[in-house]
Amino acid sequence: MLQEFKAITFDCYGTLIDWERGILDQLRPWLDRSGRRDLSDAMVVETYARLEAACEAETPTALYPAIIEEVHARLARHWELRPDPVAAHAFGQSVGEWPAFADTTGALRYLKQFFKLAILSNVDRASFARSNEKLGVTFDLVLTAEDIGSYKPARRNFEVALDRLDRTFGIGKGALLHAACSVFHDIVPASAMGIPAAWINRRNDIGALGQAARADYEVADMAGLVALHKK
């Protein structure tokens, strides 16, 4: 099934790195200190995701640490909490500490044998460099929001990826698979542009954030993508 492809572009955070765990590990101590232990993990993640998408759309050239630092300030206003600039700054600098999913490294090492592997991520170069240490492979191409000057779901991010893959490796749209967890940031725009997409539906037990996905392939995790290739 996947043998027709020559390259896979991956979203990173939420797909390879545990975006939710990283966010919650950083926000929970602040929320507990602020007396908001009543907020469920789902509520925190969903509110965070909505505010992050708004910040990315409003300031597409801002670096990701600045984006999430601003999200921290907006969360404080949203929940009527006292702003905490120290906690907000620490949150902005925490991206490289977020853990990889347990199945990420093994899956990437397997797929590396058969495909060019690329990153197409809403992050800055410095933060991704720290995360990359946890991923266990050398990617053939890394494209961040900092490199492109915009954040997904902007079409430009995918256009730049297509152009770079074509110019560097001679790989066109039909030979590319885009793999991601986020429906909003990745699956919808990739599908709209005719890029084959694999939905890594790590939220399959609790539902996707925001909207349903229509992808060419759907698996529950990276191990599922490996299994699909072996099949």
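Just so it is clear, the structure is predicted and the values come from calculations on it, not from any experiment.
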With a 4.0 Å cut-off on N to O distance, would you call [X] and [Y] a salt bridge?
{"X": "Arg202", "Y": "Asp103", "answer": "yes"}
{"X": "Glu20", "Y": "Arg28", "answer": "no"}
{"X": "Asp140", "Y": "Lys112", "answer": "yes"}
{"X": "Asp166", "Y": "Arg164", "answer": "no"}

Could you report the tightest heavy-atom contact between [X] and [Y], atom names first, then the distance?
{"X": "Gly14", "Y": "Cys181", "result": "O-CB, 3.3 Å"}
{"X": "Ala76", "Y": "Pro83", "result": "CB-CA, 4.2 Å"}
{"X": "Leu16", "Y": "Phe139", "result": "CD1-CZ, 4.3 Å"}
{"X": "Ala190", "Y": "Ala197", "result": "CB-CB, 4.5 Å"}
{"X": "Asp11", "Y": "Thr15", "result": "OD2-OG1, 2.9 Å"}
{"X": "Leu176", "Y": "Pro196", "result": "O-CD, 3.3 Å"}

Gap between atom [atom2] of [Y] and atom [atom1] of [X] - 0.5 Å precision:
{"X": "Glu218", "Y": "Ile187", "atom1": "CD", "atom2": "CD1", "result": "9.5 Å"}
{"X": "Tyr110", "Y": "Leu225", "atom1": "OH", "atom2": "CG", "result": "9.5 Å"}
{"X": "Thr105", "Y": "Leu135", "atom1": "OG1", "atom2": "CG", "result": "6.0 Å"}
{"X": "Trp79", "Y": "Thr47", "atom1": "CH2", "atom2": "OG1", "result": "4.5 Å"}
{"X": "Tyr151", "Y": "Ile67", "atom1": "OH", "atom2": "CD1", "result": "4.5 Å"}
{"X": "Asn132", "Y": "Arg125", "atom1": "CG", "atom2": "CZ", "result": "14.0 Å"}

Is [Y] close to [X] at the side-chain level, that is, under 4.5 Å between some pair of heavy atoms?
{"X": "Met43", "Y": "Arg36", "result": "no"}
{"X": "Asn201", "Y": "Val219", "result": "no"}
{"X": "Val123", "Y": "Tyr13", "result": "yes"}
{"X": "Leu177", "Y": "Asp216", "result": "no"}
{"X": "Arg130", "Y": "Val95", "result": "no"}
{"X": "Glu146", "Y": "Phe128", "result": "no"}
{"X": "Arg33", "Y": "Asp84", "result": "yes"}

Item to check | CA sep, side-chain torsions, deciding dist, call: Val44, Leu75, side chain to side chain contact (heavy atoms under 4.5 Å, CB included) | outcome: CA-CA 9 Å; Val44 173; Leu75 288 170; 5.9 Å; no
Next on the checklist: Given Arg74, which partner from the list Glu69, Glu58, Glu80 fulfils the salt bridge (Lys or Arg N to Asp or Glu O under 4.0 Å) test?
Outcome noted: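 Answer after filtering Glu69, Glu58, Glu80: Glu58.
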Could you tell me whether a side-chain N or O of [X] sits under 3.5 Å from a main-chain N or O of [Y], the two making a donor and an acceptor?
{"X": "Trp199", "Y": "Ala179", "answer": "no"}
{"X": "Lys173", "Y": "Met193", "answer": "yes"}
{"X": "Asn122", "Y": "Lys152", "answer": "yes"}
{"X": "Arg109", "Y": "Gly136", "answer": "yes"}

Any chance [atom1] of [X] has more than 12 other-residue heavy atoms, nucleotides or ligands included, within less than 6.0 Å?
{"X": "Arg77", "atom1": "CZ", "result": "yes"}
{"X": "His89", "atom1": "NE2", "result": "no"}
{"X": "Lys134", "atom1": "NZ", "result": "yes"}

Under 4.5 Å between side-chain heavy atoms, counting indirect links through other Ile/Leu/Val/Met/Phe/Trp/Tyr residues: same cluster for [X] and [Y] or not?
{"X": "Leu111", "Y": "Phe5", "result": "yes"}
{"X": "Leu2", "Y": "Met222", "result": "yes"}
{"X": "Trp98", "Y": "Phe10", "result": "yes"}
{"X": "Ile17", "Y": "Val71", "result": "yes"}
{"X": "Ile119", "Y": "Leu141", "result": "no"}

Next on the checklist: Thr144 vs Tyr64, test: side-chain hydrogen bond (donor to acceptor under 3.5 Å, both in side chains). Steps then yes/no.
Outcome noted: CA-CA 10 Å; Thr144 69; Tyr64 191 61; over 6 Å; no
Checklist entry - Relative to each other, are the rings of His72 and Trp30 parallel, tilted or perpendicular (30° and 60° limits)? => result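 Tilted: the ring planes of His72 and Trp30 meet at 30° to 60°.
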Item to check | Matching residue for Ser150 among Asn157, Val160, Thr61 - test: side-chain contact (heavy atoms from CB on, under 4.5 Å) | outcome: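 By the side-chain contact (heavy atoms from CB on, under 4.5 Å) criterion, Ser150 pairs with just one of Asn157, Val160, Thr61: Asn157.
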Next on the checklist: Would Trp19 and Ser182 count as a side chain to side chain contact (heavy atoms under 4.5 Å, CB included) here? Give the steps.
Outcome noted: CA-CA 11 Å; Trp19 178 80; Ser182 175; over 6 Å; no
